[in-house]
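To keep things clear, I will list the structure first and then write my remarks on it.
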Amino acid sequence: MKIANDLYLRASLGEKIERYPVWLMRQAGRILPEYRAVRASVSGFKELAETPELAAEVTVQPVDLLGVDAAIIFSDILVVPDAMGLPYQMIEKKGPWFENTIRDEADLKILDQNIDVEDRLSYVLQALSITKKELNGRVPLIGFAGAPWTILCYMVEGSGSKTFSETRKLLYTKPKLAHELLQRITDVTIAYLRAQLKHGADALQLFDSWAGILGHKQYQEFGMQYIQQVVNAIDGPFTVFSKGAYSALPALMDLSCTTIGLDWNMSIEQARSLAGERKTLQGNLDPCVLYGSEASIERETLELLNTFKSQRHIVNLGHGVYPDIKPEHVKAFIKTVKNYEI
Ligand code: CP3
């Protein structure tokens with residue numbers, strides 16, 4: 001189906017655009033009262049994510065209510081370990097929690113091998129198909145997965161952490177185990193992303209939320225190597241968002257994906273000089289800008305837009321939108337981007 005507003009796709013591919021496309025990481029869920037109403041009708045996050053009709057409904061909400069130029073499927077990066085046989089719970093106000101973790105060779109036995117993602121993750125794939133129908137060609141639909149390194153962090157640590165020191169310990173004490181697990185995650189992720197494209201995703205994004213906690217050499221070995229495998233296996237618009245991976249920026253620009261996501265500490269000018277016109281850059285307004293007044297949101301957004309010296313940009317925050325941001329403030333951000341003449 002032809003997509004009416006395909007600015008996001010054209011910007012991804014480096015084609016001509018009339019204005020910069022804009023969307024927000026974590027726009028599905030969190031900030032909208034309409035999301036909270038749907039969320040309150042079920043037992044929790046997991047039931048919502050595993051009920052395709054409801055997941056589709058909250059995916060479309062930001063398109064209708066905020067006017068973003070792309071939808072991102074309502075799901076989570078943790079569905080991959082879940083499908084591999086390591087189930088998680090989402091604990092209210094605390095975040096993800098895994099009953100089992102992988103810290104020894106013997107723990108690998110917990111995991112299922114040769115899983116069929118079409119079966120285990122059918123609820124996400126169905127949500128994509130339903131969303132695709134409900135969007136009816138208005139804007140592109142983004143599918144996503146966690147990067148292997150970030151998924152490893154949760155499978156070893158078993159929950160969120162400020163330092164992920166159990167996982168980083170493993171890189172020094174059992175590097176072979178880390179590589180074995182990273183390879184298994186990579187294989188499942190490739191199959192899962194391909195299935196998402198088959199079931200209606202128009203574009204994909206890889207979230208490497210914990211890239212920034214590794215040193216340069218370690219990120220090459222335990223992060224980039226696996227990202228590269230994923231990127232090489234996938235065609236079409238594809239964003240790699242490696243949060244905090246400053247020293248890896250030159251290597252990221254050499255990947256075969258279309259788009260590199262930048263967090264708000266990264267310099268647009270510097271990233272552009274590394275990328276040339278080879279890559280679209282996505283980002284990177286500080287999410288905290290949206291706590292300010294509407295006037296200051298407009299000013300900060302314009303300041304960001306004025307640093308762009310190329311059409312190859314997708315406007316976004318430098319990380320996910322925070323849950324207590326007012327929808328009106330998000331709208332002020334979006335309006336500023338839409339009114340900006342390039
Ligand atoms: O972008 C979107 O809006 C689509 C949905 C989406 C969710 N999680 C839904 C969600 C996406 C893209 C994610 C990605 C995700 N999940 C990441 C990578 C992006 C990032 O923020 O760095 C990570 C690290 C996770 C793991 C995760 N999921 C954590 C740490 C938490 C708890 C804290 C938090 O961020 O809310 C979640 C829960 C989660 N994932 C919620 C939602 C809407 C909140 C749960 C609820 O409604 O109770």
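In listed order, ligands and their atoms are each counted from 1.
Side-chain atoms of L65 and P327, non-hydrogen and from C-beta on, never get closer than 4.5 Å to each other.
Proximity of F241 to ligand 1 is not established, as no heavy-atom distance is less than 4.0 Å. Ligand 1 does not have K94 within reach: every non-hydrogen atom of the residue lies 4.0 Å or more from it. Under a 4.0 angstrom heavy-atom cut-off, S75 registers as being in contact with ligand 1. Heavy atoms of T59 come nearer than 4.0 angstrom to ligand 1 in no pair at all. Ligand 1 lies less than 4.0 angstrom from a heavy atom belonging to P96.
The nearest protein atom to atom 43 (C) of ligand 1, hydrogens excluded, is given as F74 CE1, 3.5 Å; this is a heavy-atom distance. Closest to atom 12 (C) of ligand 1 among all protein heavy atoms lies F144 CZ, 3.4 Å. When hydrogens are left out, the protein atom nearest atom 4 (C) of ligand 1 is I73 O, 3.4 Å; that is the closest non-hydrogen contact. Here the protein heavy atom with the shortest distance to atom 48 (O) of ligand 1 is R39 NH2, 2.5 Å. Of all protein heavy atoms, the one lying nearest to atom 17 (C) of ligand 1 is I77 CD1, 3.7 Å. Atom 18 (C) of ligand 1 has as its closest protein heavy atom S209 OG, 3.1 Å. Closest to atom 44 (C) of ligand 1, if we only count protein heavy atoms, is F45 CD1, 4.3 Å.
Contacts between T150 and ligand 1, counted as non-hydrogen atom pairs separated by less than 4.0 Å, are absent for every part of the residue. At a heavy-atom cutoff of 4.0 Å, ligand 1 is contacted by no atom of K243, backbone or side chain. Neither the backbone nor the side chain of W97 comes within 4.0 Å of ligand 1, counting heavy atoms alone.
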Item checked: Evaluation steps, side-chain hydrogen bond (donor to acceptor under 3.5 Å, both in side chains), between Q218 and W149 -> CA-CA 11 Å; Q218 277 196 321; W149 159 247; over 6 Å; no
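Every atom of ligand 1 with a heavy atom of G95 under 4.0 Å away is listed here by number and element: 32 (C). Interface atoms of ligand 1 facing Y154, defined by a heavy-atom separation under 4.0 Å, are 24 (C), 30 (C).
Here's the thing with W210: none of its N/O atoms is less than 3.5 angstrom from an N/O atom of ligand 1.
Using a cut-off of 4.0 Å between Lys/Arg side-chain N and Asp/Glu carboxylate O, D76 and K46 are scored as not salt-bridged. A salt bridge between E269 and R272 is absent, with no side-chain N of the basic residue lying under 4.0 Å from a carboxylate O of the acidic one. Between R184 and E180, at least one side-chain nitrogen of the basic residue sits less than 4.0 Å from a carboxylate oxygen of the acidic one, meeting the salt-bridge criterion.
Using cut-offs of 30° and 60° for the angle between ring planes, the F164 and Y154 rings count as perpendicular.
For the residues M90, K93, R30, the heavy atom positioned nearest atom 33 (C) of ligand 1 is part of R30.
By the 6.0 Å contact criterion, CG on D254 is enclosed, its count of non-hydrogen atoms from other residues, nucleotides or ligands being greater than 12. Applying the 6.0 Å contact sphere to NZ of K174 captures more than 12 heavy atoms from other residues, nucleotides or ligands.
Formation of a donor-acceptor pair under 3.5 Å by the N100 side chain with backbone atoms of L86 is not found in this model. Looking only at distances, no side-chain donor or acceptor of N5 sits under 3.5 Å from a matching main-chain atom of R138.
When all heavy atoms of G261 and T239 are compared, the closest pair comes out as N-CG2, 3.9 Å.
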